[in-house]
Number of protein chains: 2
Amino acid sequence: MPSPLPSRSRGPKPTKVDPDHLLDAAQAVFAEEGLRAASLRAIARRAGCDPALIYYHFSSKEALFLALLNRRFPALLRDMARLAEPTDLRPTPLRLWEVLLIYHRYFKDDPGIRALIRGEIVRGAEGLGHLIEDQIRPMVGSIRQIFEQGIARGEVRPGVQPLLATFFLAKMQLEILDVLPAVLPLLMELPPEGAVLTGMRAWLEILWRGVALDASAPLPTLPYPQA
Amino acid sequence: MPSPLPSRSRGPKPTKVDPDHLLDAAQAVFAEEGLRAASLRAIARRAGCDPALIYYHFSSKEALFLALLNRRFPALLRDMARLAEPTDLRPTPLRLWEVLLIYHRYFKDDPGIRALIRGEIVRGAEGLGHLIEDQIRPMVGSIRQIFEQGIARGEVRPGVQPLLATFFLAKMQLEILDVLPAVLPLLMELPPEGAVLTGMRAWLEILWRGVALDASAPLPTLPYPQA
DNA sequence: ACCAATATTCAACACCTGTTGAATTGGACC
DNA sequence: GGTCCAATTCAACAGGTGTTGAATATTGGT
């Protein structure tokens, strides 16, 4: 008979696929493929479900990505804002090191977001742009304040432009997280695991000597993140 | 009659579409869209011809892109190698400034290649990777030599790792060319035209103070490129 | 035991992609 | 004036993309 032979596989699964699991899969695929090349079918495959299910939980691919951003940024912004409070009287180089550590903490597992910040900003605001800017502007503001306070406290040279210094600090940290582990082993004997921390440390040394009022003053001891 | 009604538009045009014109169009589209998103149809549209014509001159999209690289890199590598010759006894900061200027000269009109260098290296060698590495390795080598000579001449701190310093110098220059003009006007009163040179200058000041043996020594006067 | 809401899949749509083979034309040479 | 080659276009292929509407199981409430 040409009966529509009921396929067994539809309907809810025994264990629900909750949206957070979808976000995990999406993050992984965005990380590997980049924002544009990551396909919903690949994300669905990773999550072990049908592409259409993504549309049950999120209204579009873009919405899925925005949800990904909103899962990560607010906490990052909070940490960054706390660090920039003027009541924090620790030496400026130490606070800048903390900035790098916060970056490291929030971005190390998420090349997808890094790629977005790195690349998509360049192309101008294509839909996502304005929202990213909303997230990035306060972050930039916090770091900038640290530099400004550093000048006011006589630790940073007055000639240094806080905004440019912020740009250098933050941009390079993204490059260190992204590119250094891939490139350093190719060109030198350093193992990839150590590359990031070695790079961060060398970077802060150069940047700090570059902006410090007294370049010959030694760096304070920098706390390393717990492995 | 169902005669095949001879279409008028085939055959050679009055003015040939030479491959170089195709490369120009490809460069423009790669620049705007990025390597992956740039379509052959868009390139053909820009060049005013049919997509199939591209396959008459180049064997594939990848070959087209490689031809683009080969049009730019050799001259860049030559300039960079000449700059790194040990007979060049000018002060190290001035030579580093020349490195930035060479970058500026060769890359300022080609965001496509910059995007490639910035992004595609990260994803590892997917076909293009190895060739890019062949072009980039000698470039990195030249800059590194300048730092090493700087140490030998007592201008650069011995503690500085030449390879990491090279990484910082070169990477940041790409960011300055790409991101700074898009971002600075958003966050500060600087006009976009001045952003690149202002950024380059501030960057060299910080980097040089960061790596110099005597951080209090003034920078030599830096020649600006002719506008 | 029924019913409604929820979570899931299937199949298709329209469109875009790199690529190719055949058809066609213009110009150069003899 | 005929012949050949180089340059160009057309039409199609096979595959991938985001997205949607309908069909279908499962679960929880009453």
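Computation of the quantities below employed the complete heavy-atom set of this structure, encompassing side-chain atoms and omitting hydrogens, waters and symmetry-equivalent molecules.
Rounded to an integer number of Å, the gap from A:Leu64 CG to D:dT19 C1' is 14 Å. Whole-Å rounding puts the B:Arg41 CZ to D:dT17 C1' distance at 14 Å. A straight line from CZ of A:Arg45 to C1' of D:dT17 spans 12 Å, rounded to a whole angstrom. Taking atom CG on B:Leu22 and atom P on D:dA7, their separation rounds to 12 Å, with Å as the unit.
With sequence neighbours excluded, the residues forming a side-chain hydrogen bond (donor to acceptor under 3.5 Å, both in side chains) with B:Glu175 are A:Lys171, listed by chain and number. Qualifying salt bridge (Lys or Arg N to Asp or Glu O under 4.0 Å) partners for A:Arg45, counting only residues two or more places apart in sequence or in other chains: none. For B:Asp79, the side-chain hydrogen bond (donor to acceptor under 3.5 Å, both in side chains) criterion is met by B:Arg105, B:Tyr106, not counting sequence neighbours. In this view, B:Asp88 and B:Arg90, B:Arg95 satisfy the salt bridge (Lys or Arg N to Asp or Glu O under 4.0 Å) rule, not counting sequence neighbours. A search for ring-ring contact (aromatic ring centres under 6.0 Å, His included) contacts involving B:Tyr103 returns B:Phe107, not counting sequence neighbours.
Phosphate contact (OP1/OP2 of C:dT17, side-chain N/O of B:Ser39, threshold under 4.0 Å): present.
Taking only side-chain atoms of A:Leu40, from C-beta outward, the nucleotide of C:dT9, C:dT19, D:dG18 with the closest atom is D:dG18.
Of the residues in residues 53-61 of chain B, those with a non-hydrogen atom less than 4.0 angstrom from any atom of DNA chain C are B:Tyr55, B:Ser60, B:Lys61.
A donor-acceptor pair under 3.5 Å is absent between the side-chain atoms of B:Gln161 and the main chain of A:Gly199, judged by distance alone.
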